[in-house]
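The structure presented is a predicted model; accordingly, all values stated were derived computationally and were not measured.
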Amino acid sequence: MKTIYRTFTVAAALFTLAACNLDLYPSNSIVYNGEDPLIQTANDLETYRWANYAFFRSTLGGGYDIADDLMCDGFNATNNYGNNYGPIHRADKSFTSSDNDTESFWASNYSAIGNYNLMIAEVTKNTDPALRDGVKLIAAEAYFFRAFSYLRLARRFGPAYGDSADKDLCVPLVLVYNQQERPARKTVKEVYLQIYSDIQEALKVLGTVKGAQSSEVVTADVINALLANYYLDIKNYKEAYNVASKIIDSGTYSLCSNLTAFKAKYFEDGGENGDTESLMMLAASKSETPNGYGSAYTGYGKDPESPTQYSYRAYYLPSGRLVDAYNNINDYRYQAWFEFVNNKTPFISGGKPYYSSEFCVFVKYKGNEALSSSGLADGHVAPVPYSLGELHLIAAEAAFYNKDKTNALRRLTALQNKRNGNRTTTITEQAIQDEWFKETCGEGKRMECLKRWGVECPKRYAQPGALEASILVNTPESSYYERSLSKDAYQYTWPIPAYEIQVNPNLVQNIGY
């Protein structure tokens with residue numbers, strides 16, 4: 001797999017990346033004074049372009065997707081969890097504005113946005129005709145990255161887009177690099193207008209860049225996938241359907257045709273034949289591993305005390321609610337993503353015996369062995385911002401709410417047929433929501449979906465075998481496998497991090513924290 005991430009440093013903590021190949025770039029720092037262009041040479045073009053991709057990749061996967069799902073109904077904490085993601089999983093009084101997981105999500109995205117802003121500013125600063133086209137390309141990609149981050153931030157720290165979007169507070173808009181700025185929160189409507197504006201700026205330059213399966217760079221299809229998400233959020237269902245359908249019908253991408261290809265997509269990043277579903281797949285390698293899922297879902301590794309020398313020590317197991325959602329053991333997702341612990345890979349919880357054949361672990365993000373220096377799957381996979389399955393779901397949901405049940409059913413069953421799952425015969429809101437749950441589990445979309453639909457988060461009842469083995473945390477049950485959230489639960493809107501409130505008196509905290 002090609003590696004495209006490069007290394008350089010910029011003074012005042014503007015850019016900082018881990019070392020890759022220092023021979024490619026100067027070892028001295030670049031001083032940024034806010035007036036002169038950062039990009040001085042053709043070599044700088046490459047440096048800063050791939051830096052943007054590195055920042056983008058740093059906001060994806062691992063804890064930045066795990067926390068959203070663990071908050072909802074798909075997973076139960078095991079005795080191994082050690083309070084990792086504990087407050088957000090319980091979503092009780094322990095979930096406060098000092099929560100590390102929500103604070104990390106905020107900080108990662110705003111740090112990246114600060115760097116995207118520098119590249120966007122280069123368009124007006126850099127007048128060198130030899131560099132002009134390259135600067136425009138970098139800025140266009142930065143517009144896309146910024147829009148992507150703001151949509152993710154808006155979905156978590158602001159209310160869902162609704163009738164009061166022009167009044168509801170969302171997140172601050174930081175559009176120019178300024179370390180001294182103390183911005184107030186903008187309204188949901190203002191943030192979404194900025195997202196749309198950034199998407200349009202990206203399309204001005206990249207709108208003719210043809211999509212390709214598992215593209216390592218931003219294409220028109222990748223930008224339009226973001227646009228489809230935007231339209232879905234603001235309830236412009238006609239446009240959400242049209243944009244998603246255009247990508248689906250282009251023929252550039254195809255849903256996996258069999259279980260072998262489906263497993264290769266998740267455990268080999270597509271394998272030798274490539275991933276035909278992904279619109280974009282960011283480069284990854286053993287030396288440049290992306291954010292990992294590791295212990296949260298599998299905790300897989302060598303275990304000298306295990307009868308087989310290997311075991312699972314997951315912090316969380318899939319809930320009975322998630323496992324039961326498939327209703328079809330032949331569903332490729334059920335077969336590929338859920339592995340019953342067995343004599344080859346048992347599960348251990350603390351000092352208790354090794355368990356096998358009683359419950360399953362969630363192995364969707366077990367990892368690609370090619371990205372592990374140990375040769376064992378350790379929870380690292382190449383990040384995929386957008387995939388074809390999600391576009392089918394967007395199209396189905398948008399068509400349904402646009403009162404086009406024919407196309408809603410057509411898009412939904414096209415996905416179900418390729419997943420070898422149960423086929424919906426009569427299209428309903430519940431059928432679409434259930435398919436979102438089955439298709440995107442673990443991807444960091446569950447809370448934002450429940451929030452968009454305005455529905456409750458049901459109880460995450462446990463797998464019977466896990467209960468019988470006494471390996472799940474259950475004190476109190478109301479905070480763990482018996483916990484639910486009402487449709488208007490304040491926890492659906494994450495707290496503005498306490499540190500940000502302390503250093504920026506212009507910020508207002510969300511209700512409930």
Original post:
Which heavy atom of Ala244 sits nearest a heavy atom of Ile394, and at what distance?
Top reply: CB-CG2, 4.1 Å
Subject >> Over 12 non-hydrogen atoms of neighbours within 6.0 angstrom of CG in Asp163 >> reply: no
**OP:** Check whether the side chains of Glu390 and Trp436 place a donor and an acceptor atom closer than 3.5 Å, and report yes or no.
**Re:** no
**OP:** Show the numbers, then the answer: is there a ring pair (Phe, Tyr, Trp, His ring centres under 6.0 Å) between Phe95 and Tyr513?
**Re:** CA-CA 8 Å; Phe95 181 47; Tyr513 301 102; 5.7 Å; yes
Original post:
Mind checking whether Phe75 and Tyr297 have ring centres under 6.0 Å apart?
Top reply: yes
Original post:
Ring centres of Tyr461 and Tyr481 under 6.0 Å apart?
Top reply: no
Subject >> Atom CG of Asn100: over 12 foreign heavy atoms under 6.0 Å >> reply: no
Original post:
Can we call the ring centroids of Phe262 and Tyr266 under 6.0 Å apart?
Top reply: yes
Original post:
Is the gap between the ring centers of Phe338 and Phe362 under 6.0 Å?
Top reply: yes
Subject >> Asn510 side chain to Arg185 side chain, donor-acceptor N/O pair below 3.5 angstrom >> reply: yes
Original post:
Is there a side-chain contact between Thr219 and Leu279, using heavy atoms and a 4.5 Å cut-off?
Top reply: no
Subject >> Donor-acceptor contact below 3.5 Å, side chain Gln213 vs main chain Ser278 >> reply: no
**OP:** Let me see the working for Asp92 and Ser94 under side-chain hydrogen bond (donor to acceptor under 3.5 Å, both in side chains), right down to the final yes or no.
**Re:** CA-CA 5 Å; Asp92 56 12; Ser94 68; 2.5 Å; yes
**OP:** Among Arg49, Arg146, Lys136, find the residue that satisfies the salt bridge (Lys or Arg N to Asp or Glu O under 4.0 Å) test when tested with Glu141.
**Re:** Arg49
**OP:** For Glu448 and Arg156, indicate whether the former's side chain and the latter's backbone hold a donor-acceptor pair under 3.5 Å.
**Re:** no
Original post:
Within the side chain of Gln491, is there an N or O that forms a donor-acceptor pair under 3.5 Å with the backbone of Ala91?
Top reply: yes
Original post:
For the side chain of His89 and the backbone of Leu70, is there at least one donor-acceptor N/O pair under 3.5 Å apart?
Top reply: yes
Original post:
Judged by atom type as modelled, is there a donor-acceptor pair below 3.5 Å linking the side chain of Ser319 to the main-chain atoms of Leu322?
Top reply: yes
Subject >> Asn224 side chain to Asp221 side chain, donor-acceptor N/O pair below 3.5 angstrom >> reply: no
Original post:
Quick one: does Glu339's side chain get under 4.5 Å of Cys360's, heavy atoms only?
Top reply: no
Original post:
Any side-chain heavy atom of Glu443 within less than 4.5 Å of one from Lys364?
Top reply: yes
Original post:
Picking from Asp65, Thr59, Asp68, what satisfies side chain to side chain donor-acceptor pair (under 3.5 Å) with Arg152?
Top reply: Asp65
**OP:** Give the minimum heavy-atom separation between Asn291 and Arg57, together with the two atoms involved.
**Re:** ND2-O, 3.8 Å
**OP:** Verify the neighbour count for atom NZ of Lys186: are there more than 12 heavy atoms of other residues, nucleotides or ligands below 6.0 Å?
**Re:** no
Original post:
Of Arg333, Arg423, Arg419, which meets salt bridge (Lys or Arg N to Asp or Glu O under 4.0 Å) against Glu435?
Top reply: Arg333
**OP:** Anything under 30° is parallel, anything over 60° is perpendicular, the rest tilted; go ahead and classify Tyr53 against Trp50.
**Re:** tilted
Original post:
So, for Tyr401 and Trp453, is the gap between ring centers shorter than 6.0 Å?
Top reply: no
Original post:
Just how far is it from atom OH of Tyr116 to atom CE of Met119, taken to the nearest 0.5 Å?
Top reply: 12.0 Å
Original post:
About how many Å separate OG of Ser108 and CD of Glu103, when rounded to the nearest 0.5 Å?
Top reply: 12.0 Å
Subject >> Residue pair Ser164 / Asp168, side-chain donor-acceptor N/O under 3.5 Å >> reply: yes
**OP:** Taking the side chain as every heavy atom from C-beta outward, state whether Val222 and Pro385 have any pair of such atoms under 4.5 Å apart.
**Re:** no
Original post:
Going by distance alone, is a donor N or O of one side chain under 3.5 Å from an acceptor N or O of the other, for Thr187 and Glu190?
Top reply: yes
Original post:
Between Ser104 and Asp101, does any side-chain donor sit less than 3.5 Å from a side-chain acceptor?
Top reply: no
Subject >> Validation row: Leu485, Glu456 side chains within 4.5 angstrom (heavy atoms) >> reply: no
Subject >> Any donor-acceptor pair under 3.5 Å from Asn474 side chain to Glu477 backbone >> reply: no
Original post:
Regarding Asp434 and Gln430, is there a side-chain donor-to-acceptor distance under 3.5 Å anywhere?
Top reply: yes
Subject >> Lys265 and Ser387 side chains, donor-acceptor separation under 3.5 Å >> reply: yes
Original post:
Could you go step by step and tell me if Ser245 and Arg411 meet the side-chain hydrogen bond (donor to acceptor under 3.5 Å, both in side chains) rule?
Top reply: CA-CA 9 Å; Ser245 293; Arg411 294 302 188 190; 3.1 Å; yes
Original post:
Among side-chain atoms of Ser479 and Arg483, is any donor-acceptor pair under 3.5 angstrom?
Top reply: no
Original post:
Would a line drawn from the ring center of Tyr315 to the ring center of Tyr81 be shorter than 6.0 Å?
Top reply: no
**OP:** Measure centre to centre between the rings of Phe340 and Phe359, then say whether the value is under 6.0 Å.
**Re:** no
Subject >> Test of ring centre spacing under 6.0 Å for Tyr196 and Tyr230 >> reply: yes
Original post:
Do Thr102 side-chain atoms and Asp99 backbone N/O form a donor-acceptor pair below 3.5 Å?
Top reply: yes
Original post:
Would Asn422 and Tyr326 count as having a side-chain donor-acceptor pair, cut-off 3.5 Å?
Top reply: no
Original post:
Is the NZ or CZ atom of Lys366 both under 6.0 Å from the centre of the six-membered ring of Tyr300 and within 45° of that ring's axis?
Top reply: yes
Original post:
NZ of Lys235: more than 12 outside heavy atoms within 6.0 angstrom?
Top reply: yes
Subject >> Polar side chain donor-acceptor pair, Arg155 to Asn229, under 3.5 angstrom >> reply: yes
Original post:
Do Phe400 and Tyr237 make the cut of ring centroids closer than 6.0 angstrom?
Top reply: no
Subject >> Sidechain-backbone polar pair: Asp331 side chain, Asn420 backbone, donor-acceptor under 3.5 Å >> reply: no
Original post:
Are side-chain heavy atoms of Tyr110 and Val171 found at a separation under 4.5 Å?
Top reply: yes
Original post:
So, Asp69 side chain and Lys445 main chain: donor-acceptor pair closer than 3.5 Å or not?
Top reply: yes
Subject >> Minimum side-chain heavy-atom gap Asp198-Phe144 below 4.5 Å >> reply: no
Subject >> Qualifying residue for salt bridge (Lys or Arg N to Asp or Glu O under 4.0 Å) with Asp73, from Arg460, Arg446, Lys459 >> reply: Arg446
Subject >> CD1-CG distance between Ile120 and Leu175, expressed to the nearest 0.5 angstrom >> reply: 8.0 Å
Original post:
Taking all non-hydrogen atoms of both residues, which atom of Ala225 and which atom of Ile247 are closest, and how far apart?
Top reply: N-CD1, 3.7 Å
Original post:
Atom CG of Leu206 and atom CD1 of Ile199: how far apart are they, to the nearest 0.5 Å?
Top reply: 12.5 Å
Original post:
Checking Asn109 side chain against Phe105 main chain: does a donor-acceptor pair fall under 3.5 Å?
Top reply: yes
Subject >> Thr424 and Gln416: CA distance, side-chain angles, deciding distance, side-chain hydrogen bond (donor to acceptor under 3.5 Å, both in side chains) verdict >> reply: CA-CA 8 Å; Thr424 296; Gln416 292 170 334; 2.9 Å; yes
